[in-house]
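A quick write-up on the structure given underneath.
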Amino acid sequence: MGYWHTRGLRGSVLEDLINQSNRYYLEHGLAVMQKIPTAITPVKLDQQKGVIKLAYFDAKSTVDYVGNVQGIPVCFDAKETHLKNLPLYNIHEHQVAFMEAFQKQDGLAFLIVYFKQTDQYFLLPFEVLMHYWNGAKKGGRKSIPYAAFESQYLIRAHGGIQLHYLETLNRYLTNLNKGGQ
């Protein structure tokens, strides 16, 4: 199995759930979210099976999803961890730079994080990510602890949607508009 296959399909269950949610949101006029594909260059092909046996990533991608939620530009990345924290090495400098630039253009950036140990999904606001990102650059901890993921931003199933992140995003926006978090 090539490197692209073992690394490129990490989080595919999480992404499948997000994709299902996004289809529902589109069908019901709630949001238009686009999965951004990761560009790869095939190196070795199996002509008989019609599959890529070896490939490498072309360029640094941005984030997993970009779109619009009822007039609000949104971008986010999907991450999962089997630990009781989210290691910052799972998040790349170019992703943080993209999300930061996106926020500066009045967009909204965040992560959706799946903790396998607890089988829980959270929305992590960009400013929380930046707090830990900047701390790590100054020699602080190299991960975001489970305790930093607020229970109010737990993503639950609702109304037939297994991962109803728009409900959680709405809660975050309501808190933001109140001037708090």
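Residue numbers count from 1 along this sequence.
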Could you check whether any side-chain heavy atom of [X] comes within less than 4.5 Å of a side-chain heavy atom of [Y], counting everything from C-beta outward?
X: E167; Y: I161; answer: no
X: K79; Y: Q95; answer: yes
X: Q20; Y: L163; answer: no
X: V69; Y: L108; answer: no
X: I72; Y: L173; answer: yes
X: Y165; Y: M33; answer: yes
X: K35; Y: D64; answer: yes
X: I91; Y: L86; answer: yes

| query | Transitively linked via ILVMFWY side-chain contacts under 4.5 Å: L124 with L154? | reply |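 Yes, L124 and L154 fall within the same hydrophobic cluster.
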
| task | Consider only side-chain heavy atoms of I, L, V, M, F, W and Y, link residues closer than 4.5 Å, and tell whether I36 and V96 are in one cluster. | result |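 As far as the 4.5 Å side-chain criterion goes, V96 and I36 are connected within one cluster.
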
| said: Whether the side chain of D77 engages the backbone of L111 through a donor-acceptor N/O pair (distance < 3.5 Å, no angle test) should be reported. | reply: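 The answer is no, because no donor-acceptor pair under 3.5 Å joins these two groups.
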
| Side-chain donor/acceptor of K142 to backbone N/O of A136, under 3.5 Å |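 Flag set: sc K142 to bb A136 pair under 3.5 Å.
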
Could you report the tightest heavy-atom contact between [X] and [Y], atom names first, then the distance?
X: Y132; Y: P145; answer: CE2-CD, 3.5 Å
X: P125; Y: F110; answer: CA-CB, 4.3 Å
X: F126; Y: M99; answer: CE1-CB, 3.5 Å
X: Y172; Y: E127; answer: OH-OE2, 2.6 Å
X: A148; Y: V128; answer: O-CG1, 4.4 Å
X: V66; Y: C75; answer: CG2-CB, 4.1 Å

| Interatomic distance, Q152 atom CD to F122 atom CZ [nearest 0.5 angstrom] |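 So the gap between those two atoms works out to 11.0 Å.
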
| So how far is it from N134 CG to L129 CG, rounded to the nearest 0.5 Å? | 9.0 Å

| note | ring-ring contact (aromatic ring centres under 6.0 Å, His included) filter on Y65, not counting sequence neighbours, yields F76

| said: I need the full list of side-chain hydrogen bond (donor to acceptor under 3.5 Å, both in side chains) pairs touching residues 23-33, with sequence neighbours left out, sorted by first then second residue. | reply: Y25-H164

| note | Residue pairs meeting side-chain hydrogen bond (donor to acceptor under 3.5 Å, both in side chains), one or both in residues 111-120, sequence neighbours left out, come to E80-K116, Y114-D119, T118-Q120, Q120-Y146

Holding to side chain to side chain contact (heavy atoms under 4.5 Å, CB included), I want the full list of residues that pass it with [X], two or more places apart in sequence or in another chain.
X: T174; answer: N170, K178
X: A157; answer: none
X: A97; answer: none
X: S143; answer: N85, R141

| request: Give a yes or no on whether the ring-centroid distance for F149 and F115 is below 6.0 angstrom. | output: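 Yes, the ring centres sit under 6.0 Å apart.
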
| said: Other members of the hydrophobic cluster containing V32, with the 4.5 Å side-chain heavy-atom rule, please. | reply: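 Answer for V32: L26.
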
| query | Pick one: which of T168, L17, L14 meets side chain to side chain contact (heavy atoms under 4.5 Å, CB included) with I112? | reply |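 The option that passes is L14.
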
| query | Do any pairs count as a salt bridge (Lys or Arg N to Asp or Glu O under 4.0 Å) and have a residue in residues 87-114, sequence neighbours left out, and if so which ones? | reply | E93-K137

| Pair H94-T62, side-chain contact (heavy atoms from CB on, under 4.5 Å): steps then yes or no | CA-CA 7 Å; H94 62 273; T62 55; 6.0 Å; no

